[in-house]
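Have a look at the structure below, then the notes.
None of these values were measured; they are calculated from a predicted model.
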Amino acid sequence: MTRRILIVILALNLICTLAACGTTGQQDTGTLDVSENSSYESVEGTQIKMITENTEVIITLNDSRAAADLVVMLPLELTLIERNSFAKGMTLPEHLSSVEATTREYEIGDFGYWNAGPDLAIFYDDIYEQTIVEVIPLGHAETGAETMANEAGTVRLELLGAEEEQTENE
């Protein structure tokens, strides 16, 4: 029941945010060109870092088209948005694939995508039974998601090891 309430609250929060920004009705603008029948390179097991001023969370991605789309966009600097005391949201500059199965279920550490935003979310508390919007699962943080509760400002998303690779190439 807690997750369901959480999903509902997250959806309402996102809808209100979109309405306030005047972006309602424009959700397909900037959508990446990924059809249901096109192939994509799996990123299952790929790890990304979510870095704020005070914390770093490692997220392992799943085998979804949306996760593969996200990897192509990295690195990203995004603004954190509080989502009803259970998740931090981040609005992407472009939509990811939305041909994936969705869910309203979540656990602490789950990392997901809401196409209408287009928003990412990391769940740091399980005070709700489920979210109010359906989310495409992208991956999971085994540890550290709880540390996002007190974070604000900007967050950087980057591939794990990207800094080392960049240093080697210089």
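- Residues Tyr124 and Glu151 fail the side-chain proximity criterion, which asks for heavy atoms closer than 4.5 Å.
- Considering CD1 of Ile136 and OG1 of Thr102, their distance stands at 7.0 Å, rounded to 0.5 Å.
- Distance check: Leu157 CG to Met50 CE gives 5.0 Å after rounding to the nearest 0.5 Å.
- At least one side-chain heavy atom of His95 sits less than 4.5 Å from a side-chain heavy atom of Asn115.
- You'll find the side chain of Glu41 stays beyond 4.5 Å of the side chain of Val71, heavy atoms only.
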Test log, rule side chain to side chain contact (heavy atoms under 4.5 Å, CB included), inputs Asn54 and Asn150: CA-CA 9 Å; Asn54 303 308; Asn150 297 318; over 6 Å; no

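- The shortest heavy-atom contact between Ser64 and Ala67 is OG-N, 3.0 Å.
- Minimum interatomic distance between Gly109 and Ala145 (heavy atoms only, all atoms of both residues): CA-CB, 3.5 Å.
- Side-chain atoms of Lys88 and Glu82, non-hydrogen and from C-beta on, do get closer than 4.5 Å to each other.
- Looking at heavy atoms from C-beta onward, Met90 lies in side-chain contact with Leu80 at the 4.5 angstrom threshold.
- Here the closest heavy-atom approach between residue Glu134 and residue Trp114 is recorded as O-CD1, 3.3 Å.
- Under the side chain to side chain contact (heavy atoms under 4.5 Å, CB included) test applied with Val155, the options Leu76, Ile122, Leu78, Thr79 reduce to a single match, Leu78.
- In the hydrophobic clustering of this structure, Val43 groups with Met73; members are Ile, Leu, Val, Met, Phe, Trp, Tyr whose side-chain heavy atoms approach within less than 4.5 Å, directly or through other members.
- Looking only at side-chain heavy atoms (C-beta outward), Glu158 and Leu74 stay at 4.5 Å or farther from each other.
- Here the CD atom belonging to Glu56 is positioned 11.5 Å from the CE atom belonging to Met148, to the nearest 0.5 angstrom.
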Evaluation steps, side chain to side chain contact (heavy atoms under 4.5 Å, CB included), between Asp69 and Tyr113: CA-CA 11 Å; Asp69 288 351; Tyr113 171 66; over 6 Å; no

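- Residues Leu96 and Pro118 have side chains not in contact (no heavy-atom distance under 4.5 Å, counting atoms from C-beta outward).
- Between the side chain of Thr147 and the backbone N or O of Gly144, at least one donor-acceptor pair lies under 3.5 Å.
- In this structure, CD1 in Ile59 is found 12.5 Å from NZ in Lys49, a value given to the nearest 0.5 Å.
- Note that CG of Asn62 and OG1 of Thr46 are 10.0 Å apart. Values are rounded to the nearest 0.5 Å.
- Remark: the backbone N or O of Pro137 is not paired with any side-chain donor or acceptor of Glu100 at under 3.5 angstrom.
- Interatomic distance, Ile58 CD1 to Thr143 OG1, rounded to the nearest 0.5 Å: 8.0 Å.
- Residue Asp110 comes nearest to Glu105 through the heavy atom pair OD2-O, 4.5 Å, listed as atom of the first residue, atom of the second, then distance.
- Val57 is not listed as a side-chain neighbour of Phe111, based on a closest heavy-atom distance of 4.5 Å or more.
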